[in-house]
Amino acid sequence: MSTAPVIRRARTADIRDIRALVRPLAERRILVAKDAVTYYEGLQEFLVADDGGVVVGCGALHVMWEDLGEIRTLAVAENYLGTGLGGRILEELMDEARRLGVGRLFCLTFETRFFTRHGFESIDGQAVTGDVYVELLRSYDEGVAEFLDLERVKPNTLGNTRMMRAI
């Protein structure tokens with residue numbers, strides 16, 4: 001393990017490594033399992049932490065609305081836990097959100113202490129206006145459905161915490 005993995009945009013060749021990194025977390029129901037096609041379709045949303053050609057971390061920024069984005073699939077390899085790598089990836093994703101003009105970030109997580117350290121707070125109820133809520137209902141994205149706390153996704157939820165942060 002080098003001292004500082006490089007955080008960079010994901011490439012198509014990274015998808016297998018991202019899936020391998022996420023798989024054990026999905027099996028433990030910490031992250032949501034996704035089909036390979038979903039990762040390829042969202043490739044441009046992902047950053048990876050690359051340590052000498054090995055993907056040791058990942059995270060994605062999914063824009064949901066004009067001022068709202070979601071942090072998704074934030075994961076680091078087990079031997080990198082506690083090194084600050086997850087925080088570095090999150091900071092890069094927040095910087096990207098700022099560049100895009102996103103003012104608030106949302107996440108669904110079990111890692112509430114981690115996200116609290118980075119300025120996120122637990123939320124209840126809706127975090128968008130009624131008009132935006134109606135527009136977001138048109139999305140086919142299951143993550144948006146989770147954000148909206150729709151009944152149709154409740155049987156599939158992991159029991160995680162909804163958190164938000166202004167950036």
message: For R113, I'd like to know if atom CZ has over 12 heavy atoms of other residues, nucleotides or ligands within 6.0 Å.
response: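 Open: at most 12 neighbouring heavy atoms sit under 6.0 Å from CZ of R113.
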message: Would you say CD of Q44 has more than 12 non-hydrogen atoms from neighbouring residues, nucleotides or ligands within 6.0 angstrom?
response: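 Yes, the 6.0 Å shell around CD holds more than 12 heavy atoms from other groups.
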All side chain to side chain donor-acceptor pair (under 3.5 Å) counterparts of [X], not counting sequence neighbours:
| X | value |
| --- | --- |
| R9 | E96 |
| D14 | R8 |
| R11 | none |

Please round to the nearest 0.5 Å and tell me the distance separating atom [atom1] of [X] and atom [atom2] of [Y].
| X | Y | atom1 | atom2 | answer |
| --- | --- | --- | --- | --- |
| I71 | F115 | CD1 | CZ | 6.5 Å |
| C107 | L90 | SG | CG | 8.0 Å |
| R98 | L93 | CZ | CG | 11.0 Å |
| F120 | E111 | CZ | CD | 13.5 Å |
| I167 | E91 | CD1 | CD | 10.0 Å |
| L21 | C58 | CG | SG | 5.0 Å |

task: I would like to know whether L68 and M164 meet side chain to side chain contact (heavy atoms under 4.5 Å, CB included); could you show each step before the answer?
output: CA-CA 10 Å; L68 182 64; M164 181 83 69; 3.8 Å; yes
field: Whether R165 side chain and H118 backbone form a donor-acceptor pair below 3.5 Å
entry: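 Yes: the side chain of R165 pairs with the backbone of H118.
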- prompt: So, R88 side chain and P5 main chain: donor-acceptor pair closer than 3.5 Å or not?
  reply: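 The answer is yes, because a donor-acceptor pair under 3.5 Å joins these two groups.
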message: Is there a path of hydrophobic side-chain contacts, each under 4.5 Å between heavy atoms, that joins L105 and L100?
response: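 Yes, L105 connects to L100 through the hydrophobic network.
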- prompt: If you group Ile, Leu, Val, Met, Phe, Trp and Tyr by side-chain heavy-atom gaps below 4.5 Å, do L81 and L47 land in one group?
  reply: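 Both belong to a single hydrophobic cluster.
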message: If you define the side chain from C-beta out and look only at heavy atoms, does anything of V76 sit under 4.5 Å from V56?
response: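 Counting from C-beta outward, V76 and V56 never come under 4.5 Å.
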task: State, yes or no, whether a side-chain contact exists between I7 and I89 at a heavy-atom distance under 4.5 Å.
output: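 They are in side-chain contact.
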task: Check step by step if side chain to side chain contact (heavy atoms under 4.5 Å, CB included) holds for L108 and R162.
output: CA-CA 5 Å; L108 287 164; R162 301 166 79 234; 3.4 Å; yes
Not counting sequence neighbours, which residues clear side chain to side chain contact (heavy atoms under 4.5 Å, CB included) with [X]? List them please.
| X | value |
| --- | --- |
| A36 | R19, Y40 |
| S122 | T161, M163 |
| E121 | none |
| L43 | A10, T12, I15 |

- request: Run the numbers on F114 and L74 for side chain to side chain contact (heavy atoms under 4.5 Å, CB included), then give the verdict.
  value: CA-CA 11 Å; F114 170 82; L74 183 57; 3.6 Å; yes
message: Using 30° and 60° as the class boundaries, would you call the ring planes of Y39 and F46 parallel, tilted or perpendicular?
response: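 Taking F46 first and then Y39, their aromatic rings sit tilted (interplane angle of 30° to 60°).
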- prompt: Any idea which heavy atoms bring K34 and T38 closest together, and the distance?
  reply: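 That would be CD-CG2, 4.0 Å.
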